[in-house]
Chemist: 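Pasting a structure here, questions to come.
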Amino acid sequence: MDVVARLASQRAVVIFSKSTCCMSHAIKRLFYEQGVSPEIIEIDQDMYGKEIEWALARLGCSPTVPAVFVGGKFVGTANTVMTLHLNGSLKKLLKDAGALWL
């Protein structure tokens with residue numbers, strides 16, 4: 001879990017993803033369309049991918065990707081992020097983390 005915590009705190013928004021996952025693609029696109037440039041960690045292409053996936057599962061990520069961290073804190077997976085977006089709270093989280101200025 002130390003690897004996940006370290007990576008999650010490196011940028012305002014970090015998305016743990018798999019390059020072949022359609023939900024990961026949708027979440028990445030959502031952030032790009034909001035004007036956010038998240039750090040993307042493709043765990044299927046990372047040498048520590050299995051360790052990262054195991055740590056995400058221990059955090060309660062089910063499924064393990066996409067797992068979104070904002071301001072170093074775990075926000076949730078696709079369902080939670082889409083809910084936050086639809087109810088308007090995602091923008092506030094992004095602003096508070098310094099990922100969005102407008």
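By convention here, the first residue in the shown sequence is residue 1.
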Chemist: Quick one, Tyr48 with Ile43, criterion side chain to side chain contact (heavy atoms under 4.5 Å, CB included). Give me CA distance, side-chain angles, the key distance, then yes/no.
Modeler: CA-CA 7 Å; Tyr48 298 106; Ile43 64 173; over 6 Å; no
Chemist: Ala67 and Phe74: which non-hydrogen atoms are nearest, and at how many Å?
Modeler: CB-CE1, 4.1 Å
Chemist: Looking at CZ of Phe16 and CG of Leu56, how far apart are the two atoms once the value is rounded to the nearest 0.5 Å?
Modeler: 6.0 Å
Chemist: Is the backbone of Lys18 close enough, under 3.5 Å, to the side chain of Asp44 for a donor and an acceptor to pair up by distance?
Modeler: no
Chemist: Transitively linked via ILVMFWY side-chain contacts under 4.5 Å: Met47 with Val4?
Modeler: yes
Chemist: To the nearest 0.5 Å, what is the distance between OG1 on Thr77 and CE on Met82?
Modeler: 12.0 Å
Chemist: Donor-acceptor pair, distance only, cut-off 3.5 Å: does the side chain of Arg29 make one with the backbone of Ser24?
Modeler: no
Chemist: Side-chain contact test, heavy atoms from C-beta onward, threshold under 4.5 Å: evaluate it for Phe31 versus Leu94 and give yes or no.
Modeler: yes
Chemist: Just by distance, with hydrogens left out, do Ser17 and Glu42 show a side-chain donor and acceptor under 3.5 Å apart?
Modeler: yes
Chemist: Specify the closest pair of heavy atoms between Val70 and Ala97, including all atoms of both residues, with the distance to one decimal.
Modeler: CG1-CB, 3.6 Å
Chemist: Can a salt bridge be assigned to the pair Lys92 and Asp96 using a cut-off of 4.0 Å between side-chain N and carboxylate O?
Modeler: yes
Chemist: Any chance you could lay out the side chain to side chain contact (heavy atoms under 4.5 Å, CB included) test for Lys50 and Glu53, step after step, and finish with the verdict?
Modeler: CA-CA 5 Å; Lys50 288 293 181 193; Glu53 189 167 18; 4.2 Å; yes
Chemist: Look up atom OG in Ser19 and atom CG in Asp46, then write down how far apart they are to the nearest 0.5 Å.
Modeler: 11.5 Å
Chemist: Is there a side-chain contact between Lys91 and Leu100 in this structure, where contact means two heavy atoms from C-beta onward sitting under 4.5 Å apart?
Modeler: yes
Chemist: Between Ser9 and Arg6, is there a donor-acceptor pair closer than 3.5 Å when you use the side chain of the first and the backbone of the second?
Modeler: yes
Chemist: Go through Val3 and Glu51 one step at a time and tell me if the side chain to side chain contact (heavy atoms under 4.5 Å, CB included) criterion holds.
Modeler: CA-CA 8 Å; Val3 153; Glu51 179 185 337; 3.6 Å; yes
Chemist: Would Leu7 and Ile52 satisfy side chain to side chain contact (heavy atoms under 4.5 Å, CB included), going step by step from the backbone distance to the final call?
Modeler: CA-CA 10 Å; Leu7 292 170; Ile52 292 169; 4.0 Å; yes
Chemist: Looking at every heavy atom in both Val81 and Gly76, which two are closest together, and how far apart are they?
Modeler: CG2-O, 4.1 Å
Chemist: Any idea which heavy atoms bring Ala78 and Met23 closest together, and the distance?
Modeler: CB-CE, 3.6 Å
Chemist: Would you say Lys28 and Ile40 make side-chain contact, with heavy atoms under 4.5 Å?
Modeler: yes
Chemist: Nearest 0.5 Å, what's the CD1-CZ distance between Ile41 and Arg11?
Modeler: 9.5 Å
Chemist: Once rounded to the nearest 0.5 Å, what's the spacing between atom NE2 of His85 and atom OG1 of Thr80?
Modeler: 14.5 Å
Chemist: So, Asn87 versus Ser89: side-chain donor-acceptor pair below 3.5 Å or not?
Modeler: yes
Chemist: Indicate yes or no: at least one non-hydrogen side-chain atom of Val68 is less than 4.5 angstrom from one of Val14.
Modeler: no
